[in-house]
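Everything below concerns the one structure shown next.
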Protein chains: 4
Amino acid sequence: MTIPVDGETDDPPTTARRRRRNPHSHQSILAATSELLGEVGYTALTMEGVAARAGVGKATVYRWWPTKGALVVETLSAQLPAPEPIDTGELRQDLLTAIRRAVQILAVGPAAAVIPALAADLSSDPAMAEQFRAQIIRPRRTVVLEVLQRATRTGELPADVDTELLLDIYAGAVFYRVLVSGEPVTDGLAVQLVNLLIDGKTPVTRPDGHADSAH
Amino acid sequence: MTIPVDGETDDPPTTARRRRRNPHSHQSILAATSELLGEVGYTALTMEGVAARAGVGKATVYRWWPTKGALVVETLSAQLPAPEPIDTGELRQDLLTAIRRAVQILAVGPAAAVIPALAADLSSDPAMAEQFRAQIIRPRRTVVLEVLQRATRTGELPADVDTELLLDIYAGAVFYRVLVSGEPVTDGLAVQLVNLLIDGKTPVTRPDGHADSAH
Amino acid sequence: MTIPVDGETDDPPTTARRRRRNPHSHQSILAATSELLGEVGYTALTMEGVAARAGVGKATVYRWWPTKGALVVETLSAQLPAPEPIDTGELRQDLLTAIRRAVQILAVGPAAAVIPALAADLSSDPAMAEQFRAQIIRPRRTVVLEVLQRATRTGELPADVDTELLLDIYAGAVFYRVLVSGEPVTDGLAVQLVNLLIDGKTPVTRPDGHADSAH
Amino acid sequence: MTIPVDGETDDPPTTARRRRRNPHSHQSILAATSELLGEVGYTALTMEGVAARAGVGKATVYRWWPTKGALVVETLSAQLPAPEPIDTGELRQDLLTAIRRAVQILAVGPAAAVIPALAADLSSDPAMAEQFRAQIIRPRRTVVLEVLQRATRTGELPADVDTELLLDIYAGAVFYRVLVSGEPVTDGLAVQLVNLLIDGKTPVTRPDGHADSAH
DNA sequence: GAGTAAACGAGACGGTACGTCGAGTCTTTTC
DNA sequence: GAAAAGACTCGACGTACCGTCTCGTTTACTC
């Protein structure tokens, strides 16, 4: 195929000029960043520490990533599982999967502690914001947008459904709960959100997640 | 009374002894923090800078606030408008007001740029998280919780409505949109959220905010 | 006597304000500089290395000495023997002593390797040049100037002798020989210089230093 | 001829083999060095800067000159006027000319600011010291040595005059005055030195240089 | 109203990290 | 096959703040 899959490094054949980064250093740096993110978190991560852990000069880190944020975005994007398409054949199930993935990333996995701190830098660094959205957010949103668009074709959702808002609502709920409320995020949250978004059911308290799903 | 009026933080009856903070310094520090937050933002705010701007020794700042975060939380809490009760007599209108207030704080006002950065520190600093929730979040949530509880009594909402989740949903949508999506937040968002949460209407794209409000 | 000898710090009575340097740090830094000068020389001496060796923060070094040169000048001035007055009763002997002292400092002692490198910075750093001359050169020149002035009173030297030049000649000869010619400096050099400067004897080659001293 | 014409510096007979340096790069580098010496001085001159200014890779500079000092010595030697023989027929005049040349190089011309800094590196870099003496110092000393040797044949100077020391004295006086004393160097200095060295006249202060020359 | 303890401004302190620069080496590409 | 281009590791630069710690000096509560 001729798809120029690649992402961050690049394909020697096409470019030829520019960029001849040492792939070994490059990998060491990403690995060191990943380790240190796990050990000390985003805030306490330093470029100096990354360079030291990677056995690399600081200048080498700065040569390829202008800021800590850019480095972390790339590290995250490399270590997060690729966003597989979702298509179970049923909207409810698809959306549930999507929300569970969001929960996984925002509340459970190793990135959970990193993303909020990263997000905080977005408003003051537009370049990084764009990189973050392009490398982390957009690929995952795209998958869910396809789910929703499919549903408009089958009539499960109205043709003019505000897909963007729908995504913001469930992702925001998870994000806000983790970050601001500080309450635990259970699977029940995913179910309640699906019920609300698809069936318009105002969320009610139930001891457990399979609540209300019986209808 | 002869109670040494003062603290927004401590209870005069029990302490009485201890603490004889200079109210002038105290005010200078909060004012300096507020100014600097506006000028350089949360990240670039330094304790050193605050002390200098306030014409105060660094130790004086540290004496009363252990961290930058704690200082900023108190500054914010002092400058944010007090959360007035909401009671228009109609749930829809009450909730709309609540959401608009959230938008005001999270997306429009001077705190909009500060809160995300502040929030990022919450996961790594539980003490500050508690202070943040107690001084900023809880008072405002309480007002809305009263609105929702009133609605359960009138039957506008089911008795077992998950009020906490409801709050997380609309606040999260606003927060996420500002912080992560980076999309503009319009008043239409508030209307769409009310429609969804009260009437179960899946959000659809409309050019403007008064969409669907006809019911 | 009650002369407030002091030298580099300052007299508390008059100033009172400003300057409250930690004498312990101050000493550690000078000691570390002295050691490192001996171990690695002036060129390879770094402010960072000094701070590390002294167990002190870099900022502390920079707080009191703006440049490496200033630090080295003060170190040298502290470790060089104080310039004792010279008065043997005889001009020839006095001058011989003076030249031998110059040889000692410029060619033999621990400062011999440092002064040339230091001198090289003088032309590009007038502040340091002044400090160097005031702390190192002038005190030693003053002693010899007194010798020469005494000689003019006794008639051993003409009243209008160009004392400054006389000093430049013998010091320059030693300095140049060490630095540029790279030839060894023997005691014969001192004798030859005395003969030339006092008796006007053109220097001739003699196997050893006591040459010509018989007059 | 088959000699690979090239160097302004090396002797074709001995080297012949080895070396096929690109004459264009070679010239660019020397020119860049010369310019930068004038602009920023010896200390602030960097190999990196030279390479950039010359439009050449750093490795190319390092291939031909092992150190900054070596490069500067060669640059200087190429741009300093060749040491013409001196023979006015009169020792006094010859020596005056020699001293004036020394003043010209050490105190007036473009090399004045460079040589002290260069000299400072000599004691720590014997290879460079040798190169410096061979390319810069020796050729000029040789010319004056001839003057002095001629004078011994005519009896103007004693047969066993210490020629080396004589040179060190006048060169040292100029050098020291420029570098250490920091006093201005006038032509009177040259006259005073000649008077001392040839006639044994102790230097006296006179408003101007033609002093004492009348005798 | 004097004595005393605290809070105060000032800022030095030992540190960590910043982001930049240059050293000197090495590899890859170009002519 | 030399040399351009420039990436690489290393280490120092000089600065900014960190949070702690003396210093005297107010200041306002005791006694």
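Values below: all heavy atoms of this structure, side chains included; hydrogens, waters and symmetry mates excluded. In what follows, chains carry the letters A, B, and so on, assigned in the order in which the sequence lines appear, proteins first and then strands, with residues in each chain numbered from 1.
The base of dG15(E) is not paired with the side chain of K58(C) by any donor and acceptor separated by under 3.5 Å.
One finds no side-chain N or O of R63(D) lying less than 4.0 angstrom from the OP1 or OP2 phosphate oxygen of dA2(F). Listed pair T60(C) / dG14(E) meets the phosphate criterion, a side-chain N or O lying under 4.0 Å from OP1 or OP2.
Look at NE2 on H24(B): it is 12 Å from P on dA28(F), rounded to the nearest Å. For R53(C) and dA12(F), the CZ to C1' distance is 17 Å, given to the nearest whole Å. Spacing between atom OH of Y42(D) and atom P of dG22(E) amounts to 16 Å, rounded to whole angstrom units. Remark: P of dA23(E) and CH2 of W65(D) are 15 Å apart, rounded to the nearest angstrom. Per the geometry, CG belonging to L71(C) stands 15 Å off C1' belonging to dG14(F), to the nearest Å. Separating the OH atom of Y62(D) from the P atom of dG22(E) is a distance of 11 Å, rounded to the nearest angstrom. Rounding to whole angstrom units, CD1 of residue I29(B) and P of dA10(E) are separated by 12 Å.
Across all strands, T46(A) comes closer than 4.0 Å only to sugar-phosphate atoms, never to a base (heavy-atom distances). Contacts of G49(C) with the nucleic acid, taken as non-hydrogen atoms under 4.0 Å apart, are absent. Using a 4.0 Å heavy-atom criterion, one finds that A59(C) contacts the bases of the nucleic acid, with or without backbone contacts as well.
Comparing L45(D) and V56(B) by the nucleotide of DNA chain E whose heavy atom lies nearest to each, the residue mapping closer to the 5' end is V56(B). Nearest-nucleotide assignment on DNA chain F puts the 5′-proximal partner with M47(C), out of M47(B) and M47(C). Nearest-nucleotide assignment on DNA chain F puts the 5′-proximal partner with A54(A), out of A54(A) and P66(C).
For W64(B), counting side-chain heavy atoms from C-beta on, the closest listed nucleotide (dA7(E), dA3(F), dA23(E)) is dA7(E). Distances from the side chain of S25(B) to the nucleotides dG14(F), dT9(F), dG9(E) place dG9(E) closest. Counting only heavy atoms from C-beta on, E48(C) has its side chain closest to dC13(F) among dC13(F), dA7(E), dT20(F). The N22(C) side chain lies nearest to dC13(E) when the options are dC13(F), dC13(E), dA4(F).
L45(A) approaches L37(A) most closely through the heavy-atom pair CD1-N, 4.0 Å. In this structure, S25(B) and T60(B) approach most closely via the heavy-atom pair CB-CG2, 4.5 Å. The two atoms that bring A120(C) and P116(D) nearest to each other are CB-O, 3.7 Å, heavy atoms only. Across A117(C) and Y42(C), no two heavy atoms sit closer than the pair CB-CD2, 3.4 Å.
Exactly one residue among K68(A), R53(A), K58(A) makes a salt bridge (charged side-chain N to carboxylate O under 4.0 Å, His left out) with E48(A). That residue is K58(A).
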